[in-house]
Amino acid sequence: MKKKILVIPGDGIGQEVTSCAKAVLEQIAAEKGYTFTFDEALMGHAAIEATGDPLPAATLDKAKASDAILFGAVGHAKYDNDPTLKVRPENGLLAIRKGLGLYANLRPIVLFEELLDASSIKADVLKGTDILFFRELTGDAYFGEKIRTADYSSDLMIYHRFEVERIAVKAFEAARSRRKKLCSVDKANVLESSRLWRNVVQEVAAHYPDVETTHLFADTAAMQLIKNPRQFDVILTTNIFGDLLTDEASQIAGSMGMLASASVGDGAGFYEPVHGSAYDIAGQNKANPLAAILSAALMLDISFGMKAEANHILQAVKQVLKDGWRTGDIASAATDKSRILGTKEMGEQVLQMIRASAVSKQEQLQN
Ligand code: NAD
């Protein structure tokens with residue numbers, strides 16, 4: 001099995017966490033005898049500094065020629081503190097999503113039992129939560145016409161039928177393979193673009209009578225997500241509401257540092273932790289690399305169909321957490337201080353666990 005993987009570390013902690021995830025992919029390839037070849041490219045602030053462009057053409061070309069992309073994060077304080085800057089790191093991310101035709105962002109909210117105490121939500125509310133978000137990526141106010149004058153501003157919220165249809169089909173298919181429940185989130189009470197969204201979702205739902213379909217307004221969904229997260233299976237939503245709700249849902253998983261995501265379309269898949277460049281902790285070996293490592297597992301599962309290998313990574317992460325190892329963001333008052341690790345050391349723990357479980361599987365086969 002040969003695969004070409006492009007690594008785009010981006011900015012801030014992106015560099016630190018993608019190097020841990022890449023090491024995990026290398027370990028899996030070595031164990032299985034697969035050939036994963038890696039290339040690297042610039043994006044975001046790092047790319048602006050080097051080329052003036054947040055998404056250099058060379059990066060997009062390399063991405064198009066790859067089987068999958070492992071991405072870190074983009075963003076830098078310089079741009080966040082100066083809204084007048086026209087060339088911005090995030091433009092690189094929007095452009096690569098567009099360039100690769102990535103229209104669906106999948107974000108599993110998986111609750112690790114071991115981290116129940118790391119969340120600010122009560123454990124008995126959280127227990128058993130297992131949600132898969134489908135966030136639309138190419139439409140909405142992020143891509144509509146933008147106007148800014150001294151006294152006026154406007155972001156046009158646009159949705160086309162085909163954009164809603166193609167992601168709805170993916171979400172209903174996923175619901176079918178899970179608990180057969182899909183909740184579509186919009187603001188059809190006030191937004192015309194949401195009315196089209198709801199109509200199209202209803203039409204697609206008619207082809208999936210085995211899936212229980214519900215609709216919620218985004219404000220109610222935000223409230224229900226905290227009140228009773230267990231009620232949700234698949235959540236299908238627009239670009240902007242998905243952006244907000246998935247960050248809220250990150251608190252169910254305990255930390256942004258635990259949440260992986262996959263962006264898919266018709267070509268190469270794009271795998272990234274949900275968190276940003278976290279420049280407040282960048283370069284300090286403090287970032288949690290588990291979201292990036294779990295994103296690599298999603299790559300194996302979704303892009304390469306390697307379900308067993310993806311599960312191997314997931315089980316290794318679970319065992320590391322069960323053994324009490326934590327990064328600072330997921331440590332609690334109950335954590336043994338000697339078990340709080342830096343980024344590199346947490347990555348190394350996962351690698352060791354993957355190696356150890358592969359060896360014990362080999363021994364079982366020989367006995
Ligand atoms: P952020 O996700 O970078 O950080 C939010 C908070 O969570 C920070 O306190 C940070 O230290 C912490 N955090 C995030 N990831 C962590 C990890 N792996 N381990 C431990 N702690 C972690 O969000 P922000 O502070 O709002 O944004 C910082 C920059 O990142 C901005 O420039 C923003 O535009 C950008 N951003 C990029 C992406 C992306 O590239 N996909 C996503 C969100 C934000």
Side-chain angles (χ1 to χ4, degrees), residues 7-21 41-49 54-55 59 69-83 85 87-98 100 102 105-107 112 115 118-120 133 135 137 142 239-240 242-251 253-263 270-296 298 317 321 325-332 335 340-347 350:
V7 182
I8 307 181
D11 306 320
I13 63 168
Q15 195 82 41
E16 299 163 67
V17 298
T18 49
S19 82
C20 295
L42 292 171
M43 203 165 110
H45 169 66
I48 297 172
E49 293 287 292
L55 178 67
T59 299
I69 298 114
L70 177 68
F71 171 66
V74 288
H76 192 275
K78 173 177 160 183
Y79 310 87
D80 294 346
N81 296 330
D82 185 355
L85 289 174
V87 181
R88 309 184 66 81
E90 293 76 14
N91 296 348
L93 191 52
L94 299 182
I96 202 165
R97 285 176 182 160
K98 207 75 173 170
L100 293 175
L102 304 170
N105 183 234
L106 280 65
R107 297 190 180 187
F112 291 90
L115 295 183
S119 175
S120 46
F133 271 92
R135 168 189 167 196
L137 276 189
Y142 294 0
N239 202 348
I240 198 161
D243 194 357
L244 304 177
L245 292 176
T246 51
D247 265 25
E248 182 191 356
S250 73
Q251 289 315 296
S255 165
M256 300 278 275
M258 294 303 299
L259 283 187
S261 86
S263 298
F270 189 86
Y271 297 85
E272 57 173 314
V274 167
H275 60 74
S277 59
Y279 43 74
D280 54 332
I281 56 166
Q284 299 172 38
N285 196 35
K286 281 186 181 166
N288 181 349
L290 295 179
I293 290 173
L294 292 168
S295 301
L298 280 183
V317 169
L321 294 173
W325 299 108
R326 301 284 186 272
T327 41
D329 58 310
I330 49 172
S332 71
T335 305
I340 300 179
L341 302 174
T343 311
K344 281 188 201 140
E345 294 72 24
M346 181 54 108
V350 176

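We count ligands from 1, going down the list as the structure has it; atoms in each ligand are counted the same way. Model, not experiment: these values are computed from the prediction.
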K.L.:
How long is the straight-line distance from OH of Y271 back to CD1 of I8, given to the nearest 0.5 Å?
P.N.:
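So the gap between those two atoms works out to 13.5 Å.
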K.L.:
Against S263, only a single residue in N105, I69, I96 fulfils side chain to side chain contact (heavy atoms under 4.5 Å, CB included); can you say which?
P.N.:
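By the side chain to side chain contact (heavy atoms under 4.5 Å, CB included) criterion, S263 pairs with just one of N105, I69, I96: N105.
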K.L.:
Tell me whether S261 contacts the main-chain N or O of R107 through its side chain, where contact means a donor paired with an acceptor under 3.5 Å.
P.N.:
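No; zero donor-acceptor contacts below 3.5 Å.
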K.L.:
Atom CD1 of I13 and atom OG1 of T18: how far apart are they, to the nearest 0.5 Å?
P.N.:
10.0 Å
K.L.:
Out of A77, G276, A292, A73, who gets a non-hydrogen atom closest to atom 23 (O) of ligand 1?
P.N.:
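Selected option, by shortest heavy-atom distance: G276.
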K.L.:
Please list the nearest protein heavy atom to atom 13 (N) of ligand 1 with its residue and the distance rounded to 0.1 Å.
P.N.:
A278 CB, 4.1 Å
K.L.:
So is S277 close enough to ligand 1, meaning a heavy atom under 4.0 angstrom away?
P.N.:
yes
K.L.:
Report yes if some N/O of K286 lies less than 3.5 Å from some N/O of ligand 1; otherwise report no.
P.N.:
no
K.L.:
For R326, which residues count as a salt bridge (charged side-chain N to carboxylate O under 4.0 Å, His left out) partner, sequence neighbours excluded?
P.N.:
none
K.L.:
Do the side chain of T59 and the main chain of L55 share a donor and acceptor less than 3.5 angstrom apart?
P.N.:
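Here the side-chain-to-backbone pair does not exist.
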K.L.:
Check whether D11 reaches the backbone of S277 with its side chain - one donor and one acceptor, N or O, closer than 3.5 Å.
P.N.:
no
K.L.:
Does atom 26 (O) of ligand 1 have a protein heavy-atom neighbour under 4.0 Å away?
P.N.:
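It does not: no protein heavy atom is found less than 4.0 Å away from atom 26 (O) of ligand 1.
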K.L.:
Between ligand 1 and N288, is the shortest N or O to N or O distance under 3.5 Å?
P.N.:
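By distance alone, the answer is yes.
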K.L.:
Under a 4.0 angstrom heavy-atom cut-off, which atoms of ligand 1 come close to L93?
P.N.:
39 (C), 40 (O), 41 (N)
K.L.:
In the protein, which heavy atom is nearest to atom 21 (N) of ligand 1, and how far is it?
P.N.:
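Checking every protein heavy atom, the shortest distance to atom 21 (N) of ligand 1 gives I281 CD1, 3.6 Å.
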K.L.:
Measure the acute angle between the ring planes of Y279 and H76, then classify it against the limits of 30° and 60° as parallel, tilted or perpendicular.
P.N.:
tilted
K.L.:
May I have the step-by-step check of side-chain contact (heavy atoms from CB on, under 4.5 Å) for D329 and H275, ending in yes or no?
P.N.:
CA-CA 12 Å; D329 58 310; H275 60 74; over 6 Å; no
K.L.:
Any idea which atoms of ligand 1 are less than 4.0 Å away from a heavy-atom of G75?
P.N.:
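Every atom of ligand 1 under 4.0 Å from some heavy atom of G75: 32 (O).
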K.L.:
Which heavy atom of the protein is the closest neighbour of atom 33 (C) of ligand 1, given with residue, atom name and distance?
P.N.:
E90 OE2, 3.7 Å
K.L.:
Hey, is atom 39 (C) of ligand 1 under 4.0 Å from any protein heavy atom?
P.N.:
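Neighbour list for atom 39 (C) of ligand 1 includes protein heavy atoms (cut-off 4.0 Å).
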K.L.:
Could you list the atoms of ligand 1 found under 4.0 angstrom from a heavy atom of A287?
P.N.:
19 (N)
K.L.:
Suppose we measure from atom 16 (C) of ligand 1 to each protein heavy atom; which comes out shortest, and what is that distance?
P.N.:
I13 CD1, 3.9 Å
K.L.:
Determine whether any protein heavy atom is located less than 4.0 Å from atom 9 (O) of ligand 1.
P.N.:
yes
K.L.:
Strictly under 4.0 Å, does any heavy atom of D80 approach an atom of ligand 1?
P.N.:
yes
K.L.:
Applying a 4.0 Å heavy-atom criterion (strictly less than), which segment of Y79 is in contact with ligand 1: side chain, backbone, both, or neither?
P.N.:
neither
K.L.:
Would you confirm whether any non-hydrogen atom of the protein falls under 4.0 Å from atom 5 (C) of ligand 1?
P.N.:
no
K.L.:
Give yes or no for whether the N/O distance cutoff of 3.5 Å, strictly under, is met between V74 and ligand 1.
P.N.:
yes
K.L.:
Short list, please: which atoms of ligand 1 are under 4.0 Å from a heavy atom of E272?
P.N.:
41 (N)
K.L.:
Would you say T343's side chain and A287's backbone share a donor-acceptor pair under 3.5 angstrom?
P.N.:
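Yes; judged by distance alone, with no hydrogens or angles, the pair exists.
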K.L.:
Heavy-atom contacts with G257 under 4.0 Å: which atoms of ligand 1 show up? List them by number with element.
P.N.:
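Once the distances to G257 are compared, the set is 17 (C), 18 (N).
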K.L.:
Tell me whether the count of non-hydrogen atoms from other residues, nucleotides or ligands lying under 6.0 Å of NZ in K344 goes above 12.
P.N.:
no
K.L.:
What protein heavy atom sits nearest atom 14 (C) of ligand 1, and how far off is it?
P.N.:
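Looking only at protein heavy atoms, the one closest to atom 14 (C) of ligand 1 is H275 CB, 3.6 Å.
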K.L.:
Which atoms from ligand 1 have a heavy atom of H76 less than 4.0 Å away?
P.N.:
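The list of qualifying atoms is 32 (O).
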K.L.:
Polar contacts were defined as any N/O atom of the residue lying under 3.5 Å from an N/O atom of the ligand; does this apply to P273 and ligand 1?
P.N.:
no
K.L.:
So how far is it from Q251 CD to M256 CE, rounded to the nearest 0.5 Å?
P.N.:
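Output value for this atom pair is 8.0 Å.
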K.L.:
Got a sec, which residues hit side-chain hydrogen bond (donor to acceptor under 3.5 Å, both in side chains) with N91, two or more places apart in sequence or on another chain?
P.N.:
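Counting only residues at least two positions away or on another chain, N91 forms no side-chain hydrogen bond (donor to acceptor under 3.5 Å, both in side chains).
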K.L.:
Can you spot which of E345, E16, M346 makes a side chain to side chain contact (heavy atoms under 4.5 Å, CB included) with P289?
P.N.:
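Result: among E345, E16, M346, M346 is the only option passing the side chain to side chain contact (heavy atoms under 4.5 Å, CB included) with P289.
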K.L.:
Write out the residue and atom name of the closest protein heavy atom to atom 7 (O) of ligand 1, then the distance separating them to 0.1 Å.
P.N.:
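The protein heavy atom lying closest is M256 CG, 4.4 Å.
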